[in-house]
Amino acid sequence: MSNFERYLTLWVSICIVVGVLLGKFFGEGISVISNLTIATINIPVAILVWLMIYPMMVQIDFDSLKDVKKNIKGLWLTLTINWLVKPFTMAFFAWIFFDYLYQAYITPQEATEYFAGAVLLGAAPCTAMVFVWSYLTHGDANYTLVQVSVNDLILLVLFIPIVRFLLGVNNIEIPYNVLITSVVIFVVLPLSAGYLSNKYLIKNKGIEWFKDVFLAKLKPISIVALLTTLVLLFAFQGEKIIQNPFAILLIAVPLTLQTYFIFFVSWTIGKWIKLPHAICAPAAMIGASNFFELSVAIAISIFGLDSGASLATVVGVLIEVPIMLSLVKLANKWSF
């Protein structure tokens with residue numbers, strides 16, 4: 001695990017401080033960035049998100065799908081949790097907390113936007129960091145690759161209807177074309193570009209060059225893009241956070257409960273169906289973690305940089321690493 005991944009929460013915290021200060025002292029200048037949009041997509045943010053997501057997509061080898069029948073029980077567990085359980089339990093926790101338990105602390109508009117951000121997180125299973133969690137729990141690397149490949153393909157089909165349904169239940173109207181445009185720009189295009197460049201580079205340069213040179217050069221770009229995006233987000237959220245810093249804690253509570261809940265459900269079922277530890281651990285981890293880069297991007301494109309939905313997805317980034325590291329310790333402690 002790299003220093004960046006290990007201390008992600010620290011970097012996000014620094015981005016909060018820097019972004020809030022920029023928003024407070026250079027608010028009018030930064031607002032120019034928010035107006036650079038085409039069809040609801042903010043151009044600077046879209047570029048940054050592409051620089052975040054492409055390095056993840058280019059690592060996925062869809063040739064691994066030929067091994068999909070191996071450890072089929074573990075794959076079915078992953079798919080069931082990710083697409084039939086997780087989005088709906090996330091929506092449930094968000095609904096209970098934001099619409100009811102927090103009524104005295106947040107406005108109805110904030111409740112609606114926080115709910116939307118939570119739904120976007122719950123509907124996007126982890127794509128990149130799950131490789132780290134699998135490695136740290138001594139998971140089967142090939143199985144994890146199959147998991148990610150299958151989930152990315154399903155994401156193309158199910159993400160839009162699930163998000164639209166769950167937001168519609170809470171009376172949040174999202175034009176279908178806006179959601180489709182966001183998924184095409186932030187999922188279909190980088191996934192296609194990643195697949196094609198993966199094949200081309202490995203064929204012409206070799207697998208060692210691809211891993212040791214190309215991916216090594218991409219990683220710093222991805223990191224800088226992520227941190228820059230977070231600074232922009234908090235620059236636009238600065239005034240809100242200064243007025244109500246308690247909001248971050250309020251958002252973190254249901255997201256944290258959801259993460260632990262999904263992990264324990266996945267782990268319990270995995271043991272019940274007698275999965276080996278090397279399969280059960282990554283299956284539980286991929287369900288518990290989120291594709292937060294995608295969630296942040298779509299929240300920005302649909303609700304805006306200064307929205308509560310965007311803030312909720314960023315809180316997901318903030319709590320991801322410390323929670324997942326605690327689950328890694330549990331998984332290793334309960335190894336069987």
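From Ile106, atom CD1 reaches atom CD1 of Ile251 across 8.0 Å, with rounding to the nearest 0.5 Å. Atom CZ of residue Arg164 and atom CD1 of residue Ile172 lie 12.5 Å apart, to the nearest 0.5 angstrom. In this structure, NZ on Lys271 lies 14.0 Å from OG on Ser266, to the nearest 0.5 angstrom. Taken from CG in Asp152 to CZ in Phe291, the straight-line distance is 6.5 Å, to the nearest 0.5 Å. Rounding to the nearest 0.5 angstrom, the gap separating the CH2 atom in Trp95 from the CG atom in Leu101 is 10.0 Å. With rounding to the nearest 0.5 Å, the separation of CG in Asp140 from OG1 in Thr144 is 6.5 Å.
Gln258 places a side-chain N or O within 3.5 Å of a backbone atom of Lys86 that can act as its donor or acceptor partner. Side chain of Thr313 to backbone of Ser310: a donor-acceptor contact under 3.5 angstrom is found. Checking side-chain atoms of Ser295 against main-chain N and O of Leu120 turns up a donor-acceptor pair under 3.5 Å.
Side-chain contact check for Glu113 and Ser307: no donor-acceptor pair (N or O, by modelled atom type) lies under 3.5 Å. Under 3.5 Å, the side chains of Tyr143 and Ser134 contain no donor-acceptor pair of N or O atoms. With no hydrogens or angles considered, no side-chain donor-acceptor pair links Thr259 and Thr256 at under 3.5 Å.
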**Study point:** Pair Leu77-Ile279, side chain to side chain contact (heavy atoms under 4.5 Å, CB included): steps then yes or no
**Key:** CA-CA 10 Å; Leu77 172 60; Ile279 302 299; over 6 Å; no
Exercise for review: Carefully, step by step, assess Val213 and Lys217 under the rule side chain to side chain contact (heavy atoms under 4.5 Å, CB included).
Suggested key: CA-CA 6 Å; Val213 179; Lys217 289 182 178 179; 3.9 Å; yes
Exercise for review: Give the intermediate values and the outcome of side chain to side chain contact (heavy atoms under 4.5 Å, CB included) for residues Phe210 and Tyr200.
Suggested key: CA-CA 10 Å; Phe210 176 76; Tyr200 175 82; over 6 Å; no
Point to revise | Check against side chain to side chain contact (heavy atoms under 4.5 Å, CB included), Leu155 and Leu191 | key: CA-CA 11 Å; Leu155 181 73; Leu191 185 62; over 6 Å; no
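In plain terms, the two heavy atoms of Ala91 and Val119 that are nearest each other are CB-CG2, 4.2 Å. Closest non-hydrogen pair, Ala124 versus Leu294, comes out as CB-CD2, 4.2 Å. Residues Ser197 and Val58 share a closest heavy-atom pair of OG-CG2, 3.4 Å. Nearest approach of Tyr260 to Ser326, heavy atoms of both residues: OH-OG, 2.7 Å. Taking all atoms of both residues into account, the shortest heavy-atom contact from Ala116 to Ala309 is CB-CB, 4.2 Å. Ile162 and Pro87 make their closest contact through CG2-CB, 3.7 Å (heavy atoms, listed as atom of the first residue, atom of the second, distance).
Linking Ile, Leu, Val, Met, Phe, Trp and Tyr residues whenever their side-chain heavy atoms come within less than 4.5 Å leaves Leu51 and Val224 in two separate clusters.
More than 12 heavy-atom neighbours from other residues, nucleotides or ligands sit within 6.0 angstrom of CZ on Phe214. The number of heavy atoms from other shown groups lying within 6.0 Å of CZ (Phe264) is above 12. Atom CZ of Phe92 is surrounded by 12 or fewer heavy atoms from other residues, nucleotides or ligands within 6.0 Å. No more than 12 heavy-atom neighbours from other residues, nucleotides or ligands sit within 6.0 angstrom of NZ on Lys329.
Screening Leu22, Val20, Leu21 for a side chain to side chain contact (heavy atoms under 4.5 Å, CB included) with Val18, the sole residue that qualifies is Leu22.
Ser335 is not listed as a side-chain neighbour of His138, based on a closest heavy-atom distance of 4.5 Å or more. Looking only at side-chain heavy atoms (C-beta outward), Asn151 and Trp83 come within less than 4.5 Å of each other. Contact check for Phe246 versus Leu250: side-chain heavy atoms found under the 4.5 Å cut-off. With a 4.5 Å cut-off on side-chain heavy atoms, Tyr54 and Leu218 count as touching. Using a 4.5 Å heavy-atom threshold, the side chains of Asn332 and His277 count as touching. At a threshold of 4.5 Å between non-hydrogen side-chain atoms, the residues Pro55 and Ile221 do not count as touching. Between Phe93 and Leu255, the closest side-chain pair of non-hydrogen atoms is not below 4.5 Å. Between Trp50 and Leu189, some side-chain heavy-atom pair lies under the 4.5 Å cut-off.
Note on ring orientation: taking the six-membered ring where Trp is involved, the planes of Trp267 and Trp334 are tilted (angle from 30° to 60°). The aromatic rings of Tyr102 and Phe98 sit tilted, their planes meeting at an angle between 30° and 60°.
A cation-pi arrangement is not found for Lys73 relative to Trp76, the charged atom failing to lie both closer than 6.0 Å to the ring centre and inside a 45° cone about the ring normal.
Ring pair Tyr114/Phe97: centre-to-centre distance not below 6.0 Å.
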